[in-house]
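Since the structure comes first, as structure tokens, the remarks are kept for the end.
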Amino acid sequence: LSSRWLCSLIEGDRGPMWRRCIARARECSVSASTCSSNCSSGGNSLSFTVAPVACRTVRKAAAKPAVSGRPLACCLQERWFVGAAPNPHAMVATTRPFATAAMVEASPPLESIRNVAIIAHVDHGKTTLVDQLMKQSGMGLKVTERMMDSKDLEQERGITILSKATRISWNGYVFNIVDTPGHADFGGEVERVLSMVDGVVLLVDMVEGPKAQTKFVLQKALAHKKMKAMVVVNKVDRPQVREHGEVENEIFDVFMQMASSEDQLEYPTLYASGKQGFCAKSLEEARSQSRPTDLLALYETIRDHVPPPQPEEVDAAILAADEKGRGFSMLVSQMDRLAALGPTVTGKIFSGQVAKGDKIIAKSLQGETVASGKVKEVTVVQGVERTPMKKAVAGDIVSVSVTGFVPQWTQTITSNPKVSSIACSPIDPPVVSVKASVNDSPLAGKDGKHITMHAISERLVKEASTNPAIEVAQSPQRDFFEIRGRGEMQLGILVEEMRREGYEMTLSPPSVVVVPDENGNMQEPWEDVQIEVNSEHTSAIIDRMATRNAKITEMAASGDRQILRFEIATSSFLGARSWVRELSGGTAVVVSEFKELRPVGPAPPRDRNGVLISNTLGTATAVDLSKAAGRLGTIFIPEGTPVYPGMIFGESNDKSDIDTNVARKHDGYRAASNFTAAEKKLEQALTYILPDEKLEVTPKRVCMRKAILDATDRKVAMKDRSKMVQ
């Protein structure tokens, strides 16, 4: 191989020289595609990946002349070098510049597969740890920070929103790793993927210890009796130190509460720093000068503690009738709509095998055949790159793209109608809802391209088909859609995504989902809320929560901070995150978790002031806004914002609403005084508005408004409501 060819490979040239290199590599009986070149230390070489099953073939080919006339020199894990190879010591440090997208021939042997999910509380380091696992796997992946968080909103907010599965090869083993969200609002993403895995890695912050969401995700995981758990105490490099054994005891207490069998109490504990990329088997080792520099302990523990998948047995009659699929079955655990592939199901194959072109059917939980179609493609994700696969077998986690129908959550896709449906655990119900309707403000249609009810309907139905934690229902009059979810953050994320896609809509204030019990009495959700706050803000938080009928259940000190735990109705907790943030100066940490359903109580008291309302169509000026800020209250919008009658632009100093003009034309002689606009983000605005108000959402604007825009009509409606109350 000439150095010119090597440079062409590095630059990504896919021309004749690239194809010639691949052809010559195949002369060595290596069934793999070239993925990168390596010209470090001592000569020119060609690097490419082979499947573990090809190792024997390559060893036999090692004695044959290779491309340069020399035999194959050596092999390092899955890196094979053709031609003049570097010395073995230099090869250990060799890495591949980028990943391959070559087709995977087939699933690896079952004994080499480990299916595991990473679960934790929000911001305990799951995605960072997965980054390090990919970086140190030896696959040569070009890993960027928080690479698994591929959505724009995930990168912006620093949280994981969607569960994602990736395949990592290490030392002859294949780890199918599922990265899961840590926020309670996205708990449905955790629940639906647990049926795919045989083990979980519970990540716990060294200083914070197990939190409310830690308990939630662990409870869901340990509900599967065969689930193997292991604990990784993360961020051991933090300067804060807790008493030795304190965090470990807290973790064991959680396992005692949640374990469904005694075997689940026997779990290994490791100590790691996902940021630094090391893992040790004891805290002393992790904090010593000779601490490990890699995640070898974690790789080995996953290999030894998590069992290989156990396929479901298939009846002999089905095997005889279904020679191609051999009783293939897969539970729809995760649904996506991928460009060029269409509806794609990701999950574990419970039985049989599947390949491109196979005929499949969909069965309901009750065992009824509801649809039929064909397999368009079978793929796996290696790193973040999707790779086609010729054939996948039971036990492996793969993605199956289908044509002919759209699979639904809880369905089983199978190759034979006699194969039984796979049991599916129900996920927790939604607790919060908003109503979405067309934008009917005076500025409607100026920003978005999807403005009709039909367009909004199609998008919401699409979301509900891929996200089981979201429910969508149309009103009898077909004038709005009710969107139900786990919390205001989940609903806010959905609306923000739609806004960025060009949708316009009007939203109602969020309300709780009430359901009847067996006697017909209406019940509402309650939540366990934990607020960690500086000691000087404790009394203000407790007083404010008391006004919303919250019951304090525990109060504990943690250094100079206090941990407060409350029971509160979800309807009373809506919007609490905003004012807790304001009271604490942004230093409080708020975590909530669904507790139970209780009889509907009295409505929460109104603890918000009135609002400042524009009474003129135009553009807000700095002079008028500064005057309103000085005399009337707090301003929400900056100068230059389009306003219209009925639009809310601030909060008044008392409980009354004030209509005023902030769009006057000035002659330029009047100077504006300084003011700061306290702009509200989408989720803050959504929980701020009252029942007689709405939120207008467009690609360019998020603004609050009165439901009735005309001031005279609002007064008439207010009088009518007062008469009805009397």
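Electrostatic pairing of Glu496 and Arg499 counts as a salt bridge here, judged by a charged N lying under 4.0 Å from a carboxylate O. Under the 4.0 Å criterion applied to side-chain N and carboxylate O atoms, Glu463 and Arg459 are assigned as salt-bridge partners. Using a 4.0 Å cut-off between a side-chain N of Lys or Arg and a carboxylate O of Asp or Glu, Lys356 and Glu377 qualify as a salt bridge.
Side-chain atoms of Ser401 never come within 3.5 Å of backbone atoms of Gly342 as a donor-acceptor pair (strictly under, hydrogens ignored). Judged by distance alone, the side chain of Lys376 and the main-chain N or O of Ala340 form a donor-acceptor pair under 3.5 Å. A donor-acceptor pair under 3.5 Å is formed between the side chain of Asn115 and the backbone N or O of Gly395. Here the side chain of Asn467 pairs no donor or acceptor atom with the backbone of Ala464 at under 3.5 angstrom. Between the side chain of Glu111 and the backbone N or O of Pro308, no donor-acceptor pair lies under 3.5 Å. When atom types are taken as modelled, the side chain of His450 and the backbone of Ile456 share no donor-acceptor pair closer than 3.5 angstrom. A side-chain donor-acceptor contact under 3.5 Å links Gln136 to the backbone of Leu295. In terms of modelled atom types and a separation under 3.5 Å, the side chain of Asp396 and the main chain of Val398 share no donor-acceptor contact.
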List the steps and the verdict of side chain to side chain contact (heavy atoms under 4.5 Å, CB included) for Val431 and Val513. CA-CA 5 Å; Val431 296; Val513 178; 5.6 Å; no
Show the numbers, then the answer: is there a side chain to side chain contact (heavy atoms under 4.5 Å, CB included) between Leu507 and Val495? CA-CA 9 Å; Leu507 301 176; Val495 173; 3.8 Å; yes
Walk me through it: do Val200 and Val116 pass the test side chain to side chain contact (heavy atoms under 4.5 Å, CB included)? CA-CA 5 Å; Val200 293; Val116 62; 5.5 Å; no
Passes side chain to side chain contact (heavy atoms under 4.5 Å, CB included), Asp179 versus Thr166? Steps please. CA-CA 8 Å; Asp179 184 24; Thr166 189; over 6 Å; no
List the steps, then state whether side-chain hydrogen bond (donor to acceptor under 3.5 Å, both in side chains) holds for Thr698 with Glu504. CA-CA 4 Å; Thr698 77; Glu504 283 192 18; 5.1 Å; no
side-chain hydrogen bond (donor to acceptor under 3.5 Å, both in side chains), that's the test. Do Ser351 and Ser329 meet it? Break it down for me. CA-CA 5 Å; Ser351 61; Ser329 65; 2.7 Å; yes
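When all heavy atoms of Val197 and Ala117 are compared, the pair lying nearest together is CG1-N, 3.9 Å. For Val380 against Arg167, the heavy-atom pair with the smallest separation is CG1-NH2, 3.2 Å. Taking every heavy atom of both residues into account, Gln490 and Ala469 meet most closely at NE2-CB, 3.5 Å. When all heavy atoms are compared, the tightest approach of Ala392 to Ile349 is CB-CD1, 3.5 Å. The nearest pair of heavy atoms linking Val217 to Ala120 is CG2-N, 4.2 Å. Counting all heavy atoms, side chain and backbone alike, Met230 lies closest to Ile302 at SD-CG1, 3.9 Å.
To the nearest 0.5 Å, atom CD1 of residue Ile470 and atom NZ of residue Lys462 are 14.5 Å apart. Distance check, rounded to the nearest 0.5 Å: CG of Leu460 to CD of Glu482 gives 12.0 Å. Put simply, CG on Leu331 and CD1 on Ile413 are 9.5 Å apart, with the number rounded to the nearest 0.5 Å. In this structure, the separation between CD1 on Ile318 and CZ on Phe328 is 14.0 Å, given to the nearest 0.5 Å. In this structure, OG1 on Thr379 lies 7.0 Å from CG on Leu338, to the nearest 0.5 angstrom. Within the model, atoms CD1 of Ile118 and CG of Leu202 stand 10.0 Å from one another, a figure rounded to the nearest 0.5 Å.
Under the 4.5 Å side-chain criterion, counting only non-hydrogen atoms from C-beta, Ser421 is not in contact with Leu365. Phe175 has its side chain within reach of Tyr299: a pair of non-hydrogen atoms, C-beta onward, lies under 4.5 Å apart. When side chains are defined from C-beta on, Val354 does not count as touching Lys391, because their heavy atoms never get closer than 4.5 Å. The shortest distance between side-chain heavy atoms of Leu203 and Ile119 does not fall below 4.5 Å. Ser333 places none of its side-chain heavy atoms less than 4.5 Å from the side chain of Thr346. Counting heavy atoms from C-beta outward, Asp304 and Thr301 have side chains that stay 4.5 Å or more apart. Contact of the Glu385 side chain with the Val381 side chain is not registered, since no non-hydrogen atoms from C-beta on lie closer than 4.5 Å. Inter-residue side-chain proximity for Pro699 and Asp447 is flagged as met; some heavy-atom pair is nearer than 4.5 Å.
Partner Asp198 forms a salt bridge (charged side-chain N to carboxylate O under 4.0 Å, His left out) with one of Lys228, Lys348, Arg114 and no other, that one being Lys348.
More than 12 heavy-atom neighbours from other residues, nucleotides or ligands sit within 6.0 angstrom of NZ on Lys363.
Legend: residues meeting ring-ring contact (aromatic ring centres under 6.0 Å, His included) with Phe481, ordered by chain and number and at least two apart, are absent. Under the ring-ring contact (aromatic ring centres under 6.0 Å, His included) criterion, Phe350 pairs with no residue, sequence neighbours left out.
Every pair passing side-chain hydrogen bond (donor to acceptor under 3.5 Å, both in side chains) that includes a residue from residues 408-418 is listed here, sequence neighbours excluded: Asp322-Ser415.
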